Amino acid sequence: MSPIVPRVLARIAFFTGVLSWAAFAPSAVRADALESAAPGPVAADISAAAVARAEADAQRDYSLLPSLPPAMHGPVAVVHLIAERKTWTPAPGVNVDAWTYNGTVPGPTIHVREGDTLRVIFTNHLPAPTTIHWHGMNVPAAMDGSPGFSQAPVQPGQSFVYQFVVRQPGTYIYHTHVDDLNQLDRGLYGAVVVDPRSPAPGPRVDRDYLMLISSWKIFSSSENYFSINGKSYPLGKPFEVRAGQRVRVREIDISGTEFHTMHTHGHHFQVVAVDGQPVAPSARQMMDTLTLGPGETRDIEFVADAQPGTWMFHCHVADHMLNGDRGPGGLVSAIHYEGTPDRFASMASQDVMATAPTGESATGPKLTQAQTLVLGAIAGLTIFLGLPFALMRGVPRRWIAFANAIAIGVLFFLLFDILRQAGEPVGDALTRMQQGAGSGPFWELTAIYVGGLALGLVGLVYFSRVVFARQRAAVAEGGILSPMTLATTIALGIGLHNFSEGLAIGQSAATGAIELAVLLIIGFGLHNMTEGFGIAAPLVGTEAHVGWRQILMLGLLGGGPTFVGTLIGYRFVSPALSVLFLTVAAGAIIYVIGEMTKAGGRIGHKELAAVGIFLGFVIGLGTDLILTAAGA
């Protein structure tokens, strides 16, 4: 190949990349020149005064919902949309860090006429890139809002001008199309309503309403709260009618994953438009329940011909009528006849909905306290199965080293497992904070986590050196804790860990998860037997006086807290309490591992000790896998 060819190809590739970047690169203009910027990306932010005006207009339009705002007039309809974070209250007592357009969820309803030019000046004030997609509308490819396909995502602090002629009347949606599963359920959506240039044939509509159905992930990784026009029952508003009026409801499902079945009480309706396209009168049928999938729109019409009153209008998927796991809430609304008592809010006090009957879980009735205590005692007593190893005498030095190393391996795994368990409530609190909950629980649990580690590690150092050192037999030769003192210290640390295991058993029994509780007892029992060996290991083959009295004491220190935790867990569970005991246990085990490593160094046989540590870790992992299989 000629050497000229590669250079030519390289230049072609370079200029192709430049042209591709230029197609998506934002043009730089001043903030005050956004109004006249050409369609496409713009490297400019919007002025604070323009943001304030857009937010005020959005609040005014939101107050009209479920009614539509007046249609914009003129050949060019100009709309400012600012993607920004705002605190939003979708359900009673629930405040979230919503991602909004102009500060409301849903964003402003864009109401225009067929044939007009829609010019949307969009600015991103979010901490992440985003776009706007014009769902169902015929727009130029460069205006479609698909990242990579039609445009580069709009970066924080930059803008994009969407401009196109609105060619089809109907009900449409605008929404984010970047990181959809995250951004959509945080509030980045709104409706577009396009009126026909000439009145559509057929009966005139007296009321024209919007029902934009959406989902939220609140303290959850899946959609668990549902709203109509941004509010869950009872925070929404009913659809007001007068007897004999023809009513249109523009239903939109913008949930990320959920289907909804919207059902009217007392009224039958016809679907007059599907995804913005009219349905011929001959193809319509009378219905009372309509299924909507994510991204679908349906315009329904009905005549207010029922006995005047308040008629329920709701999703028939039962858990969509809950706020989290309690209701009534979610997708509950009503058709209310003007001039009759407004009973829209009364269901909140007259009905109780839940994911399971009060006092009972979906798995069955809870165990009695006596039954639970028996199970907790069984789980705790299994620690005695490993303790008799402490009675072994005349054991060769190399096997003492091996037993010590196995115990260290078990403790290493326990440390890993305990820190993982202690970190879960902290991680959950961080997730809730990111989803809009307050930051207080996260910082509180983080402080408890760090403080518990310090208390367990540093506290045990001073406890061992100050208290045990006063006893003549507490410290062996070379400043190393005596075998009995070391075994007692291990038992204390493991006891703190087993307290948290008891909490899990008690909670499972209290919520009716009987099968889980029994499996937990089997798993924790095997786990505790392994821990019993870990306590006994420092005493194997030593000259320390060990009898059944000492074994009983060590067993109560290590296994007794399982019983106590079961009793407390049956009554209540506190994440803070769980984190505290787990981290104190972790700190104690860190200290114990250090002491046992020092003792192992004096015994020798490093190669055999390495095998023992590995084997001990595998034994700990095996018992933990049984717990995982049990669902713990």
Side-chain angles (χ1 to χ4, degrees), residues 65-66 68 90 105-107 109 133-137 168-177 180-181 183-194 205 207-217 222-233 236-239 247-279 283-302 311-323 327-335:
L65 288 172
L68 305 179
V105 181
T109 300
H133 168 59
W134 306 94
H135 189 110
M137 304 183 71
Q168 290 180 300
T171 304
Y172 303 102
I173 321 169
Y174 67 92
H175 62 80
T176 177
H177 225 318
D180 297 38
L181 198 58
Q183 294 191 8
L184 202 60
D185 282 342
R186 301 185 78 166
L188 288 177
Y189 44 77
V192 180
V193 175
V194 182
V205 172
R207 303 285 180 109
D208 199 345
Y209 287 129
L210 177 68
M211 176 185 271
L212 197 154
I213 303 164
S214 58
S215 303
W216 302 82
K217 298 173 185 174
S222 58
E223 295 175 342
N224 63 335
Y225 278 70
F226 307 93
S227 60
I228 295 173
N229 297 331
K231 298 291 183 180
S232 302
Y233 182 81
K237 293 189 290 186
F239 298 90
V247 181
R248 175 189 293 134
V249 180
R250 301 173 184 266
E251 299 186 28
I252 297 173
D253 180 3
I254 197 59
S255 292
T257 61
E258 295 293 325
F259 283 72
H260 304 290
T261 56
M262 303 310 297
H263 170 60
T264 54
H265 288 208
H267 300 78
H268 286 79
F269 57 79
Q270 290 183 324
V271 176
V272 299
V274 174
D275 295 334
Q277 309 309 304
V279 176
R284 301 173 187 174
Q285 66 182 60
M286 302 303 295
M287 308 170 64
D288 61 25
T289 304
L290 174 67
T291 300
L292 284 165
E296 292 186 335
T297 74
R298 300 289 187 271
D299 294 0
I300 68 169
E301 290 184 8
F302 64 89
W311 294 91
M312 194 172 179
F313 190 176
H314 67 103
C315 180
H316 225 286
V317 179
D319 62 344
H320 294 182
M321 293 188 288
L322 302 177
N323 292 330
L331 303 182
V332 174
S333 189
I335 301 167

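Every value quoted in this text rests on a predicted model; they were computed, and no experiment measured them. Any value given below was found using the heavy atoms of this structure, including those in side chains, with hydrogens, waters and symmetry copies removed.
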- Tell me, with the steps shown, if M262 and H316 meet side chain to side chain contact (heavy atoms under 4.5 Å, CB included). CA-CA 6 Å; M262 303 310 297; H316 225 286; over 6 Å; no
- How far apart are the C-alpha atoms of H314 and M321, what are their side-chain angles, what is the distance that settles it, and do they pass the side chain to side chain contact (heavy atoms under 4.5 Å, CB included) test? CA-CA 8 Å; H314 67 103; M321 293 188 288; 3.3 Å; yes
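The closest side-chain heavy-atom distance from V192 to W134 is below 4.5 Å. Annotation: side chain of L188 is not in contact with side chain of H175 (no heavy-atom distance under 4.5 Å). Contact of the L331 side chain with the Y233 side chain is not registered, since no non-hydrogen atoms from C-beta on lie closer than 4.5 Å. Side-chain contact check for N229 versus L210: some heavy-atom pair is nearer than 4.5 Å. With contacts defined as side-chain heavy-atom distances shorter than 4.5 Å, the pair W216/N323 does not qualify. Using a 4.5 Å heavy-atom threshold, the side chains of I254 and L184 count as touching. For the pair E251 and L290, the minimum side-chain heavy-atom distance is below 4.5 Å. Under the 4.5 Å side-chain criterion, counting only non-hydrogen atoms from C-beta, V272 is not in contact with I300.
Rounding to the nearest 0.5 Å gives a distance of 7.5 Å between CZ of F302 and OG1 of T264. Taken from OG1 in T176 to CZ in R186, the straight-line distance is 11.5 Å, to the nearest 0.5 Å. The structure places OG1 of T297 at 6.5 Å from CD1 of I252, a figure rounded to the nearest 0.5 Å. Taking CE from M137 and CD from Q168, the interatomic distance works out to 8.5 Å, rounded to the nearest 0.5 Å. Here H320 contributes atom NE2 and C315 contributes atom SG; the two are 5.5 Å apart, rounded to the nearest 0.5 Å. Interatomic distance, CE of M287 versus CZ of F269, reported as 5.0 Å (0.5 Å rounding).
Partners of T261 by side-chain hydrogen bond (donor to acceptor under 3.5 Å, both in side chains), not counting sequence neighbours: none found. For L322, the side chain to side chain contact (heavy atoms under 4.5 Å, CB included) partners at least two apart in sequence or on another chain are D319, M353, T355. Taking the salt bridge (Lys or Arg N to Asp or Glu O under 4.0 Å) definition, one finds that R207 meets it with E338, sequence neighbours left out. For D253, the side chain to side chain contact (heavy atoms under 4.5 Å, CB included) partners at least two apart in sequence or on another chain are S255, H260, L292, P294. Applying the side-chain hydrogen bond (donor to acceptor under 3.5 Å, both in side chains) test to H263 and every residue at least two apart in sequence or in another chain returns T289. Every residue two or more places apart in sequence or in another chain that forms a ring pair (Phe, Tyr, Trp, His ring centres under 6.0 Å) with F239 is listed here: Y209, F313. The side-chain hydrogen bond (donor to acceptor under 3.5 Å, both in side chains) search around T109 returns none, not counting sequence neighbours. Residues passing the salt bridge (Lys or Arg N to Asp or Glu O under 4.0 Å) test with D299 are R250, sequence neighbours excluded. In this view, A334 and P238, T310, F344 satisfy the side chain to side chain contact (heavy atoms under 4.5 Å, CB included) rule, not counting sequence neighbours. The side-chain hydrogen bond (donor to acceptor under 3.5 Å, both in side chains) check on Y225 picks up nothing, with sequence neighbours excluded. Residues satisfying the ring pair (Phe, Tyr, Trp, His ring centres under 6.0 Å) test with H268, not counting sequence neighbours, are none.
The minimum heavy-atom distance linking G187 with V105 is given by the pair CA-CG1, 3.9 Å. In terms of heavy atoms, I173 sits closest to G190 at CG2-O, 3.3 Å. In terms of heavy atoms, S333 sits closest to I228 at CB-CD1, 3.9 Å. E296 approaches T291 most closely through the heavy-atom pair OE1-O, 4.1 Å. Scanning all heavy atoms of the two residues, the minimum distance from L212 to P106 falls at CD1-CB, 3.9 Å. Nearest heavy atoms, V271 versus V279: O-CB, 3.7 Å.
Counting only residues at least two apart or in different chains, salt bridge (charged side-chain N to carboxylate O under 4.0 Å, His left out) contacts with residues 254-275 comprise D275-R298.
Using modelled atom types, one side-chain atom of S232 and one backbone atom of F226 make a donor-acceptor pair closer than 3.5 Å. Put simply, the side chain of H135 gets close to the backbone of G295: a donor and an acceptor are under 3.5 Å apart. Between the Q183 side chain and the D180 main chain, no donor and acceptor come within less than 3.5 Å of each other. For the pair K217 (side chain) and L181 (backbone), a donor-acceptor distance under 3.5 Å is present.
Y189 and S214 share a side-chain donor-acceptor pair at under 3.5 Å.
Side-chain rings of H267 and H265 stay apart, their centers remaining 6.0 Å or farther from each other.
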